[in-house]
Amino acid sequence: MIILLLVIDQTIKILVKTNMCLHESIEITPWFFINFIENNGMAFGMTFINKMVLSLFRLVLIGIICYYIWLQTKRKAPVGYIFLLSVIVAGAMGNLFDSMFYGLIFSGSSPFYTSYFVPFGTGYAPFLMGKVVDMFYFPLVETNFPQWIPFVGGEHFIFFSPVFNFADACVSVGVVSLFIFYNKELGRLTLKKEKVAFQKDCMDDSEKDGKGDSSKAGEVK
């Protein structure tokens, strides 16, 4: 599942990056556009920390979640739970792949020409510093605030304004679905299983102690 979603994500991004100029927009419907932009930040173009730190954080987080998926598979967790965790990992890996390799294999994007492949290592940015490709834009509602609203009256308003990619959608859908359908799994993680095992060991020990005491009592009698 992770490989399949990664292939879909990277196919969309490469097609957009090599066939559209930066900031070029294609109208599919009045509320759906393919709008090519690039960003240095997290999902939906957010940025709040250094690019290198963000890429390393993603790498560590992906490793932790992959290890957790492996543990849950060994413990026979619900298939749907593992599936949604895999969807989240695929989304995180998709954007990390952009940061890791796009700067090494692509020329810089421009509003005047499309990007193209270059010899490995001669691209526009070093390892882990590549830009993430976004393209999906859904301005579902576009209007102006009424004049009587304080501070924002008359200003232009767009819902939904962020531009995102397939990987962002995987992460968002996966996280929301986990909270909706597997809230209990998220709440206990693996702690309850460990607690049950611990309680069982304690009971076994106490039973052994009890048998030992009764045997000693018999010897005394």
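Worth saying up front: this structure is predicted, and the values here are computed from it rather than measured. No hydrogens, no waters, no symmetry mates; every other heavy atom, side chains included, goes into these values.
Nearest heavy atoms, H23 versus P111: CD2-CG, 4.4 Å. Of all heavy-atom pairs spanning I2 and S86, the tightest one is CG1-O, 3.5 Å. K17 and Y124 make their closest contact through NZ-CE2, 4.4 Å (heavy atoms, listed as atom of the first residue, atom of the second, distance). For V87 against C170, the heavy-atom pair with the smallest separation is CG1-O, 3.3 Å. For the residue pair M20 and I34, the shortest heavy atom distance occurs at CE-O, 3.6 Å. Nearest approach of S109 to E38, heavy atoms of both residues: OG-OE2, 3.1 Å.
Residues forming a side-chain hydrogen bond (donor to acceptor under 3.5 Å, both in side chains) with N19 (at least two apart in sequence, or on another chain): none. Under the ring pair (Phe, Tyr, Trp, His ring centres under 6.0 Å) criterion, F36 pairs with no residue, sequence neighbours left out.
Hydrophobic cluster membership differs between V173 and L85, with clusters built from Ile, Leu, Val, Met, Phe, Trp and Tyr side chains linked at under 4.5 angstrom. V79 is not connected to L5 by any chain of hydrophobic side-chain contacts under 4.5 Å among Ile, Leu, Val, Met, Phe, Trp and Tyr, and they are in different clusters. In the hydrophobic clustering of this structure, W31 groups with I28; members are Ile, Leu, Val, Met, Phe, Trp, Tyr whose side-chain heavy atoms approach within less than 4.5 Å, directly or through other members. Both L61 and L84 sit in one connected hydrophobic cluster of ILVMFWY residues. Membership requires side-chain heavy atoms under 4.5 Å apart, directly or through other members. Put simply, V175 and I64 are part of two different groups of oily side chains (I, L, V, M, F, W, Y) that touch within less than 4.5 Å, one to the next.
Side-chain N or O atoms of E27 include none that pairs as donor or acceptor with a backbone N or O of F32 at under 3.5 Å. Between the side chain of D9 and the main chain of A167, a donor-acceptor pair closer than 3.5 Å is present. In this structure, N95 contributes its side chain and A92 its backbone to no donor-acceptor pair below 3.5 Å. In terms of modelled atom types and a separation under 3.5 Å, the side chain of S107 and the main chain of Y116 share a donor-acceptor contact. Put simply, the side chain of T122 gets close to the backbone of P119: a donor and an acceptor are under 3.5 Å apart.
Atoms CZ and CG, from F164 and N39 in turn, are 13.0 Å apart once rounded to the nearest 0.5 Å. The CZ atom of F83 lies 9.0 Å from the OG atom of S177; values are rounded to the nearest 0.5 Å. For the atom pair F166 CZ and F136 CZ, the distance stands at 8.0 Å (nearest 0.5 Å). Expressed to the nearest 0.5 Å, how far CG of L96 lies from CD1 of I62 amounts to 4.5 Å. To the nearest 0.5 angstrom, N183 atom CG is 9.5 Å from L178 atom CG. Between atom CD1 of residue I26 and atom CZ of residue F33 there is a gap of 11.0 Å, rounded to the nearest 0.5 Å.
Using a 4.5 Å heavy-atom threshold, the side chains of N165 and V132 count as touching. S55 has its side chain out of reach of M100: every pair of non-hydrogen atoms, C-beta onward, lies at least 4.5 Å apart. In this structure the side chain of P78 reaches within 4.5 angstrom of the side chain of E185, judged on heavy atoms. The closest side-chain heavy-atom distance from C66 to V89 is below 4.5 Å. Two residues are said to be in side-chain contact when any heavy atoms from C-beta on lie closer than 4.5 Å; V163 and M135 fail this criterion. At least one side-chain heavy atom of L186 sits less than 4.5 Å from a side-chain heavy atom of Y81. Side-chain contact check for T18 versus T114: every heavy-atom pair is 4.5 Å or farther apart.
K131 has no carboxylate O lying under 4.0 Å from a charged side-chain N of D98, or vice versa, which leaves the two without a salt bridge.
Within 6.0 Å of atom CE in M93, 12 or fewer heavy atoms from other residues, nucleotides or ligands are found, so the atom counts as exposed in its surroundings. Within 6.0 Å of atom CD1 in I3, 12 or fewer heavy atoms from other residues, nucleotides or ligands are found, so the atom counts as exposed in its surroundings. F179 CZ: 12 or fewer foreign heavy atoms inside a 6.0 Å radius.
Under the 30°/60° scheme for interplanar angles, the aromatic rings of Y102 and F106 are found to stand perpendicular. Ring-plane geometry between F120 and F101 is classed as tilted, the angle between the planes lying from 30 to 60 degrees on a 0 to 90 degree scale.
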Checklist entry - Are N35 and E24 close enough, and set up right, to give a side-chain hydrogen bond (donor to acceptor under 3.5 Å, both in side chains), and what steps lead you there? => result CA-CA 6 Å; N35 187 11; E24 181 179 349; over 6 Å; no

